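All values derive from a computational prediction rather than experimental measurement.
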Amino acid sequence: MRATAALLEQPGQPFVLTEVDLDEPRPDEVLVRVAGVGICGTDLEFATFFPTPALLGHEGAGIVEKVGAHVTSVRPGDSVTMSFASCGTCTLCRTGSPAYCRSFDTVNFSGRRPDGSTAVTHEGREVNAHFLGQSSFASHVVAPERAVVRIDPSLDLLRAGPFGCGFQTGAGGVLNVLQPRPGSSIAVFGAGAVGVAAIIAASLSGCAVVTAVDVNPAKLEAARGYGATHTIDSSAGPATEQLAALVPEGLDFVIDTTGREDVLRTAVESLGPLGRAGVIGVGPSESMSFDWRSILNGRSVTGIIGGSSLPQVFLPKLLELNAKGQFPVEKMITYFPFEQINEAVAAVRSGAVGKAVLTF
């Protein structure tokens with residue numbers, strides 16, 4: 001079948017709207033008509049180097065149109081959101097940790113199915129797709145069943161897409177991994193969409209001190225509306241000193257969403273004894289380093305993928321919290337028609353919007 005897609009013809013170039021051809025879903029695959037798709041920083045990062053022609057996008061939600069012969073978890077007409085793919089057969093998948101699937105890079109970032117094929121072609125050329133299980137910068141998606149999560153049909157599909165990555169990642173980093181006790185302290189470095197999700201989750205967990213750290217005054221002001229008890233503008237002076245003044249004994253937890261080595265170092269150095277740092281951000285730094293003394297006294301640094309969640313379990317719970325008004329991320333969403341994808345990308349890059357969602 002044919003689908004309208006935003007194709008990346010060359011790394012770093014604007015997306016081009018065009019028609020692509022999709023395979024029929026295989027026995028373990030699902031065809032989804034996309035209603036809305038969020039734009040994530042990971043899309044923008046991979047757009048600078050992913051092999052082209054490429055079809056990106058990984059925060060999609062929509063309606064199931066067809067299912068393969070072996071698919072049992074969804075059926076045509078179901079409302080779904082989509083998340084990362086996993087092999088389903090390795091030990092980590094089988095024990096409920098698909099975010100750390102031993103084939104994670106292959107099934108999410110190779111641009112191909114596990115057998116090396118692609119479901120997407122453009123004018124006879126094979127397109128590198130299957131990005132994080134979906135490649136949802138398109139009107140239709142062929143996704144593996146394991147990347148598809150059935151959700152309540154009463155939920156707003158335009159809002160649901162970003163829960164599959166950004167919101168799940170931030171919230172899961174707190175709720176699934178750090179699991180702060182009521183009354184504890186946490187600082188979230190980076191107050192974008194992922195950081196805000198972490199801030200809301202920390203507030204829901206009963207943290208007494210929830211500090212947002214950023215260089216953007218508008219984001220810091222918005223963070224207070226999501227539950228931040230304190231904010232720190234790190235462009236106004238060393239964040240370490242400001243955090244030490246706020247919590248002299250050191251923080252219990254920190255989350256870094258920036259992917260910057262200098263920011264992560266500051267975060268770790270702000271921890272108290274037995275403090276835990278969660279590393280979420282994929283950003284400009286290829287490595288991280290610390291003074292060896294900064295991780296003594298029981299401090300630990302943990303990498304977190306996809307909020308360490310089992311999407312089929314965690315996403316419905318997170319969406320239920322949103323429906324009850326307890327996870328109000330819709331306040332940061334700005335909607336753009338799919339045809340305006342490049343304008344939406346520019347708005348995300350400039351920080352003019354918290355979360356851009358493309359609509360069909």
Side-chain angles (χ1 to χ4, degrees), residues 1-8 14-20 22 30-44 46-47 54-66 74 76-83 120 129 131-143 147-169 192-194 196-197 222 311 315-316 318-319 322-323 327-360:
M1 67 164 294
R2 305 218 84 187
T4 302
L7 210 61
L8 186 68
F15 292 95
V16 177
L17 259 65
T18 187
E19 296 293 307
V20 297
L22 299 181
V30 177
L31 176 68
V32 178
R33 173 170 48 84
V34 179
V37 54
I39 296 177
C40 176
T42 302
D43 293 311
L44 306 188
F46 274 78
L55 182 55
L56 302 177
H58 66 284
E59 290 186 342
I63 302 293
V64 174
E65 291 200 338
K66 293 182 181 180
V74 295
D78 281 347
S79 294
V80 295
T81 189
M82 292 175 279
S83 193
V120 186
F131 186 63
L132 278 157
Q134 51 190 281
S135 283
S136 48
F137 284 166
S139 62
H140 293 77
V141 168
V142 174
V148 175
V149 180
R150 185 168 61 87
I151 61 175
D152 189 319
S154 68
L155 296 176
D156 183 351
L157 282 173
L158 301 185
R159 185 188 304 173
F163 280 79
C165 181
F167 299 153
Q168 170 179 244
T169 297
V194 175
V196 163
L315 288 181
L318 209 56
L319 285 162
N322 175 255
F327 198 80
V329 288
E330 66 275 6
K331 295 189 295 184
M332 77 174 73
I333 295 176
T334 302
Y335 296 100
F336 294 82
F338 184 61
E339 295 76 16
Q340 295 180 12
I341 182 171
N342 290 308
E343 291 86 344
V345 167
V348 172
R349 289 191 184 279
S350 71
V353 302
K355 169 61 68 174
V357 171
L358 305 171
T359 63
F360 291 83

field: Approximate separation, where rounding is to 0.5 Å, of Leu358 CG and Ile39 CD1
entry: 4.0 Å
task: Check Gly38 against Phe137 and note the closest heavy-atom contact, atom names and distance.
output: O-CE2, 3.8 Å
- prompt: Which heavy atom in Ala47 sits nearest to a heavy atom in Leu8, and how many Å separate them?
  reply: O-CD2, 3.5 Å
- prompt: What is the minimum heavy-atom distance between Gly166 and Val194, and which atoms define it?
  reply: O-CG2, 3.7 Å
- line: Sequence neighbours excluded, the answer for salt bridge (charged side-chain N to carboxylate O under 4.0 Å, His left out) partners of Glu65 is Arg33
message: Between Thr4 and Ser139 (side chain of the first, backbone of the second, donor and acceptor by atom type, cut-off under 3.5 Å), is there such a pair?
response: no
- prompt: What distance do His140 atom NE2 and Leu22 atom CG have between them, rounded to the nearest 0.5 Å?
  reply: 8.0 Å
message: I need the Phe46 CZ to Leu132 CG distance, nearest 0.5 Å.
response: 7.0 Å
message: Restricting to side chain to side chain donor-acceptor pair (under 3.5 Å), what partner residues turn up for Asn322, sequence neighbours left out?
response: Arg159, Glu330
query: How would you list, by chain and number, every residue that makes a side chain to side chain donor-acceptor pair (under 3.5 Å) with Asp152, sequence neighbours excluded?
result: Ser154
field: Smallest separation among heavy atoms of Ile151 and Ala160, with atom names
entry: CD1-CB, 3.9 Å
query: Which residues pass the side chain to side chain contact (heavy atoms under 4.5 Å, CB included) test with Val196, sequence neighbours left out?
result: Ile200, Tyr226, Met332
task: Identify, with sequence neighbours excluded, every residue that meets side chain to side chain contact (heavy atoms under 4.5 Å, CB included) alongside Pro337.
output: Glu339, Gln340
field: Which residues share a side chain to side chain donor-acceptor pair (under 3.5 Å) with Thr81, sequence neighbours left out
entry: none
- line: Nearest heavy-atom approach of Gly57 to Gln134 is O-CG, 3.6 Å
task: Would you sort out whether Val37 and Val357 count as a side-chain contact (heavy atoms from CB on, under 4.5 Å), showing the intermediate values?
output: CA-CA 5 Å; Val37 54; Val357 171; over 6 Å; no
message: For Ser135 and Leu56: C-alpha separation, side-chain torsions, deciding distance, then whether side-chain contact (heavy atoms from CB on, under 4.5 Å) applies.
response: CA-CA 5 Å; Ser135 283; Leu56 302 177; 5.9 Å; no
- prompt: Stepwise, does the side-chain contact (heavy atoms from CB on, under 4.5 Å) test hold for Leu31 with Val142?
  reply: CA-CA 5 Å; Leu31 176 68; Val142 174; 4.1 Å; yes
field: With sequence neighbours excluded, residues passing side chain to side chain contact (heavy atoms under 4.5 Å, CB included) with Ala35
entry: Leu157, Leu158
field: For Val141 against Ser136, the heavy-atom pair lying closest together
entry: CG2-CA, 3.6 Å
query: According to the salt bridge (charged side-chain N to carboxylate O under 4.0 Å, His left out) rule, which pairs have a member within residues 342-353, sequence neighbours left out?
result: none
- prompt: Do any pairs count as a ring pair (Phe, Tyr, Trp, His ring centres under 6.0 Å) and have a residue in residues 336-360, sequence neighbours left out, and if so which ones?
  reply: Phe338-Phe360
- prompt: With Gln168, which residues qualify under side chain to side chain donor-acceptor pair (under 3.5 Å), at least two apart?
  reply: Ser83, Ser309
message: Can you tell me how the ring of Phe327 sits relative to the ring of Phe163, calling it parallel under 30°, perpendicular over 60° and tilted otherwise?
response: tilted
field: salt bridge (charged side-chain N to carboxylate O under 4.0 Å, His left out) partners of residues 351-360, not counting sequence neighbours, each pair once
entry: Glu59-Lys355
